[in-house]
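Heads up, the thing below is written out as structure tokens.
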There are 2 protein chains.
Amino acid sequence: MSITSFMGKETTPDLEYLVDPMPTEALRLINLRKSTHVMLIYGDMTASYEGRAKSQLEELMPRLVVSKPDGTFMIHEASKERPRLWNPPPSTLYASINLGVLTLRSVRASPREVVIVEIPVIRFIGAVRLGVTLNYRVFGTEEDMVNAIVNNPSIVEEGLQVIAREYHTIVGDIDILGKDSKGNLVVIECKRSQAGPEAVNQLKRYVEHLSQKEDRNVRGILVAPSISSAAYHYLRSYGLEFRRVEPKGML
Amino acid sequence: MSITSFMGKETTPDLEYLVDPMPTEALRLINLRKSTHVMLIYGDMTASYEGRAKSQLEELMPRLVVSKPDGTFMIHEASKERPRLWNPPPSTLYASINLGVLTLRSVRASPREVVIVEIPVIRFIGAVRLGVTLNYRVFGTEEDMVNAIVNNPSIVEEGLQVIAREYHTIVGDIDILGKDSKGNLVVIECKRSQAGPEAVNQLKRYVEHLSQKEDRNVRGILVAPSISSAAYHYLRSYGLEFRRVEPKGML
DNA sequence: CACTTTATCTCGTGA
DNA sequence: TCACGAGGTAAAGTG
């Protein structure tokens, strides 16, 4: 079966595909377009991964491979958002035919990780040209909360003055360092969603470090839309404070 | 253009697709297969997301929609592993035609999140049936490290005896609780990859809690393949210990 | 490069 | 259902 394309001969087409292709035809399309197009490969396949960890898909089963020009390599199944196996960018895709079977090898250099896919039954293969959104922006992030507080510290507390944001310490970076109306140092840790014990622990770490280093009392305020009950008890037991703030209120 | 399928009439085909379809044809295929097949939709589209946060893809651009039967909904672009916009499962997909434009609405119930896609130019739409791997297993996880240490505590230290694993405390679960050759309690925290300040903080929290509760000296050992320099200083400053262990050595 | 943190994290597990 | 923590987290930002 020949490649079906939808543009003139001189220009690279945005879409090409093959249905039930021979391995050699599939190989040709992959090597032709893997560096410019997103490749979609549907068929019965087995796969293996070895790198930071190790795992195997021994059962031959219909799966979907998505490979992007930046090296992103994913094997998707019928459910879940995360691919079953993958290699993050930048990785390199090598395609070949072994004993008549289309074989894909995605190699990530560092850390060294390899995903190998064998596709004895190729049902469909497509090459599509996709774009990339520039200046992409998400609203309602933790950074938006921090900005809003820096611009208007009274969101947290009347009389609060901001000294620094992203204040670097040996134990990590403090979201906002401030001073209250009585001159106490205040460490503020923001979370865009419900705070748990980890968030409390993080704040406690900053407060402990700073109060030791500065040799004086330091307040710690956890700012989040909500806090789990266990985390709240934990927070209070260390004399830390909680201030409810909605990230969506920052828009 | 009629639907191209590749099985008998009585059986649902594994693969169906349309090239440059009319919106009505696309709509029909989506509604026919969205609950059983993974849908691939390629075309020029704009999109928006509102839910836990908010964002918009205003520029009309070739993108790829992947929708799974479990409600997974993803809009992929030319680069990166993560979709640009998405809804995690379980979500519900509604397709319609608005003013002649194919419109997809993915709705997640809780938290309420909505992704809306408008596709004025539909280049390709495919329905593929995928499988799901059962009994999937990854080797070299933190749990594997814990198992290996429980089976052979001398990995961590000669003379170490394991008292409990996943020992529940008010401040969290301790990976391994043990006793050293001198009778001291030992808290062991495992990490499968390089340990940072959070890991040290976590161990410190357990040790503090236990030494207070038991009113005696408690050792804390962080077990990981490596530790960041700052985290190591932090660890040592609290008298905690580090033991280098490779998760891959556990296989 | 190494290090640190965020994320519309996702995902599984256990109460 | 909620809470909690792991993840082959990925991705972004900084020194």
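Residue numbers start from 1 in every chain, and the chains themselves are labelled A, B, ... in the order their sequence lines are given, proteins ahead of strands.
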Would you give me the side-chain donor-acceptor pairs under 3.5 Å for residues 107-119 of chain A, sequence neighbours excluded?
| residue | atom | partner | partner atom | Å |
| --- | --- | --- | --- | --- |
| Arg108(A) | NH1 | Glu113(A) | OE1 | 2.6 |
| Glu113(A) | OE1 | Arg52(A) | NE | 3.0 |
| Glu113(A) | OE1 | Arg52(A) | NH2 | 3.0 |
| Glu113(A) | OE2 | Tyr49(A) | OH | 2.4 |
| Glu113(A) | OE2 | Arg52(A) | N | 2.9 |
| Glu113(A) | OE2 | Arg52(A) | NE | 3.1 |

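- Atom CG of Leu57(B) and atom P of dT8(C) are 13 Å apart (whole Å).
- Rounded to an integer number of Å, the gap from Ile170(B) CD1 to dC4(D) C1' is 13 Å.
- Among the heavy atoms of the strands, none lies under 4.0 Å from Gly51(A).
- Taking only side-chain nitrogens and oxygens, Arg108(A) never comes nearer than 4.0 Å to OP1 or OP2 of dG8(D).
- No engagement by Glu166(B) is indicated, since no non-hydrogen atom pair under 4.0 Å with the nucleic acid exists.
- The Val115(A) side chain lies nearest to dG8(D) when the options are dT5(C), dA6(D), dG8(D).
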Show the distances under 3.5 angstrom between N or O atoms of the protein and N or O atoms of nucleotides 12-15 of chain C.
| residue | atom | partner | partner atom | Å |
| --- | --- | --- | --- | --- |
| dG12(C) | OP2 | Lys80(A) | NZ | 3.3 |

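- Nucleic acid contact for Pro111(A): none, since no nucleic acid atom lies under 4.0 Å from a heavy atom of the residue.
- When the C1' atom of dC4(D) is taken as reference, atom NE2 of His233(A) falls 16 Å away, rounded to whole Å.
- Note on Ser55(A): nothing from the nucleic acid sits closer than 4.0 angstrom, heavy atoms only.
- Spacing between dC4(D) and dG8(D) at atom P, rounded to whole Å, works out to 22 Å.
- Seen from the ring of Phe139(B), Lys54(A) does not count as a face-on cation partner, given the 6.0 Å and 45° thresholds.
- Phosphate contact (OP1/OP2 of dT5(C), side-chain N/O of Lys191(A), threshold under 4.0 Å): absent.
- Judged by distance alone, with hydrogens and angles left aside, the side-chain atoms of Thr133(A) form no donor-acceptor pair with the main-chain N or O of Tyr136(A) at under 3.5 Å.
- Geometrically, Arg82(A) engages Trp86(A) in a cation-pi contact defined by less than 6.0 Å to the ring centre and at most 45° from the axis.
- Between Lys191(A) and Glu189(A) there is a salt bridge, with a side-chain nitrogen of the basic residue lying less than 4.0 Å from a carboxylate oxygen of the acidic one.
- Among the heavy atoms of the strands lying under 4.0 Å from Tyr206(A) are primed sugar atoms or P, OP1, OP2 only; no base atom is included.
- Taking the side chain of Arg82(B) as heavy atoms from C-beta on, and the options dA11(D), dT4(C), dA3(D), the nearest nucleotide is dA11(D).
- Base engagement by Tyr136(A) is indicated by at least one non-hydrogen atom pair under 4.0 Å involving a base atom.
- At a threshold of 4.0 angstrom between heavy atoms, the contacts of Glu142(A) are confined to the sugar-phosphate backbone, with no base atom among them.
- When distances are taken from the side chain of Glu81(A) to each of dC11(C), dT8(C), dC3(C), the shortest belongs to dC11(C).
- Note: CG (Asn87(A)) to P (dA11(D)) measures 12 Å, nearest angstrom.
- Each of Pro197(A) and Ser79(B) has a nearest nucleotide on DNA chain D; the 5'-most of these lies closest to Pro197(A).
- Taking 4.0 angstrom as the limit, Trp86(B) places a side-chain polar atom (N or O) nearer than this to OP1 or OP2 of dT10(C).
- Nearest to the side-chain atoms of Arg192(A) among the listed nucleotides dT8(C), dT6(C), dA6(D) stands dT8(C).
- Put simply, CE on Met145(A) is 15 Å from C1' on dT5(C), counting in whole angstrom units.
- Mapped onto DNA chain C by nearest heavy atom, Ser110(A) and Pro83(B) fall at different nucleotides, with Ser110(A) at the one closer to the 5' end.
- Judged by distance alone, the side chains of Lys68(A) and His37(A) never bring a donor and an acceptor atom under 3.5 Å apart.
- When the P atom of dT4(C) is taken as reference, atom CD1 of Ile174(A) falls 14 Å away, rounded to whole Å.
- Using a cutoff of 4.0 Å between basic side-chain nitrogens and carboxylate oxygens, Asp144(B) and Arg137(B) are scored as salt-bridged.
- Residue Asp144(B) contributes atom CG, which lies 13 Å from atom C1' of dA6(D) at whole-angstrom precision.
- Considering only side-chain N and O atoms, Gln194(A) lies nowhere under 4.0 angstrom from the phosphate OP1 or OP2 of dC9(C).
- Comparing the P positions of dT4(C) and dT8(C) gives an interatomic distance of 23 Å, to the nearest angstrom.
- Here Arg192(B) does not pair with Glu142(B) in a salt bridge; the nearest charged N to carboxylate O distance is not below 4.0 Å.
- Atoms CG (Asn201(A)) and P (dA3(D)) sit 18 Å apart, rounded to a whole Å.
- Nucleic acid contact class of Pro89(B) (heavy atoms, under 4.0 Å, all strands): sugar-phosphate only.
- Side chains of Tyr234(A) and Asn201(A): a donor on one and an acceptor on the other come within 3.5 Å.
- In terms of modelled atom types and a separation under 3.5 Å, the side chain of Arg244(B) and the main chain of Pro225(B) share a donor-acceptor contact.
- For the OP1/OP2 pair of dT6(C) and a distance below 4.0 Å, the side-chain nitrogens and oxygens of Thr141(A) include no atom meeting the criterion.
- For a distance-only test at 3.5 Å, the side chain of Asp173(B) fails to qualify as a donor-acceptor partner of the base of dG5(D).
- The side chain of Pro88(A) has dG8(D) as its nearest neighbour among dT8(C), dG8(D), dT9(D).
- Comparing Asp175(B) and Ile227(A) by the nucleotide of DNA chain D that holds the closest heavy atom to each, the one mapping nearer the 5' end is Ile227(A).
- Taking only side-chain nitrogens and oxygens, Arg52(A) comes nearer than 4.0 Å to OP1 or OP2 of dT9(D).
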